[in-house]
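Each remark here refers to the structure printed beneath this line.
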Amino acid sequence: MRLTVLGCSGSGPGPGSPASGYLVEAGDTRFTMDLGNGTFGALQRHLDPWDLDGVLFSHLHPDHCADFTALVVHRRYHPSPPFDPASRRLPVFAPAEAPDRFACAYAPSAAERATTDLTDTFAFEALTDGASATLGDVALSSALVDHLCEAYALRVEHGGRSLVYSGDTGPCASLVTLAQGADVLLCEATWPHTGPWWDEPPPGVHLSGQQAGKHAAAAGVGRLLLTHVPAWFDGKDLLAEAKQEFDGPVELVEPDATYEI
Ligand SMILES: [Zn+2]
Ligand SMILES: [Zn+2]
């Protein structure tokens with residue numbers, strides 16, 4: 001499998017990166033995990049969007065899904081589509097509220113929202129806790145994690161290799177369980193563990209670098225990739241925290257970089 005970072009800036013786009021989004025290529029199957037602000041542009045540097053076999057969303061905060069609106073326009077109004085998009089609707093694995101959420105993001109008025117149904121070109125499948133599914137050559141599974149809204153960590157497996165993406169989450173056992181023994185954990189690290197803001201980071205929102213390292217160690221993953229560092233923090237600090245807790249290889253991901261899983 002191959003993971004390409006479309007964007008990794010936490011909580012919104014930063015000066016050097018779009019918000020969260022990743023391209024995964026596994027055998028003949030290609031899909032994205034999240035499409036935050038700016039990622040649809042980055043995607044086109046790496047793949048013709050018509051070659052996507054599906055899109056996955058960990059949750060529906062804008063920094064993880066805002067560019068779905070660009071995908072709608074591409075799918076509906078491209079002047080020379082290689083096939084009829086209505087006859088090959090793109091699978092969308094996302095929290096159950098995705099159709100309403102994306103209709104609201106796409107349609108500019110209440111009148112248009114009332115008639116916006118994106119199922120003309122997309123086939124929505126609701127993620128649930130503990131669910132598993134197949135997308136082409138890839139086995140998918142999802143686990144509910146601890147965030148401000150319905151949010152999932154995602155596990156993808158292909159050819160005996162496994163990648164787990166945390167999405168956004170505070171510390172939680174379900175992430176450790178889903179990531180057990182994974183070759184790679186792509187894990188959010190959004191803030192430093194200590195600072196002038198708190199004695200302990202607030203629960204149920206995000207992970208510190210230290211907490212990301214602890215989750216990787218508890219899950220026994222092979223490699224830890226840190227992501228979702230906002231522009232207002234220095235990723236090197238969070239990387240140093242994670243290295244204190246996890247003995248395996250750890251690195252901060254970079255936009256447009258590709259990682260073999
Ligand atoms: Zn986020
Ligand atoms: Zn979020």
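Numbering of ligands and ligand atoms starts at 1, following listing order. Please read these numbers as outputs of a predicted model, since none were measured by experiment. Just so you know, residue 1 is the first one in the sequence shown, and it goes up from there.
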Please assess Phe122 against Phe68 for the test ring-ring contact (aromatic ring centres under 6.0 Å, His included), listing each intermediate value before the final yes or no.
CA-CA 11 Å; Phe122 297 97; Phe68 187 83; 4.7 Å; yes

Among the N/O/S atoms of Asp168, select the one at the shortest distance from the Zn ion (ligand 2) and name it.
OD2

Determine the interplanar angle of the His61 and His147 rings, folded into 0 to 90°, and report it as parallel if under 30°, tilted if 30 to 60°, perpendicular if over 60°.
perpendicular

How wide is the angle at the Zn ion (ligand 2) between NE2 of His59 and ND1 of His61, to the nearest 10°?
100°

Using a distance threshold of 2.8 Å, state whether an N, O or S atom of His64 lies below it from the Zn ion (ligand 1).
yes

Flag if over 12 foreign heavy atoms under 6.0 Å of CG, Asp28:
no

In terms of relative ring orientation, are His228 and His64 parallel, tilted or perpendicular, with 30° and 60° separating the classes?
parallel

Is it the case that the side chain of Ser17 and the backbone of Gly14 share a donor-acceptor pair, with hydrogens and angles ignored and the cut-off at 3.5 Å?
no

Hey, is there an N, O or S on His147 sitting under 2.8 Å from the Zn ion (ligand 2)?
yes

As a test of reading the structure, name the N/O/S atom of His228 that is nearest the Zn ion (ligand 1).
NE2

Tell me, which N, O or S atom in Asp63 is closest to the Zn ion (ligand 1)?
OD2

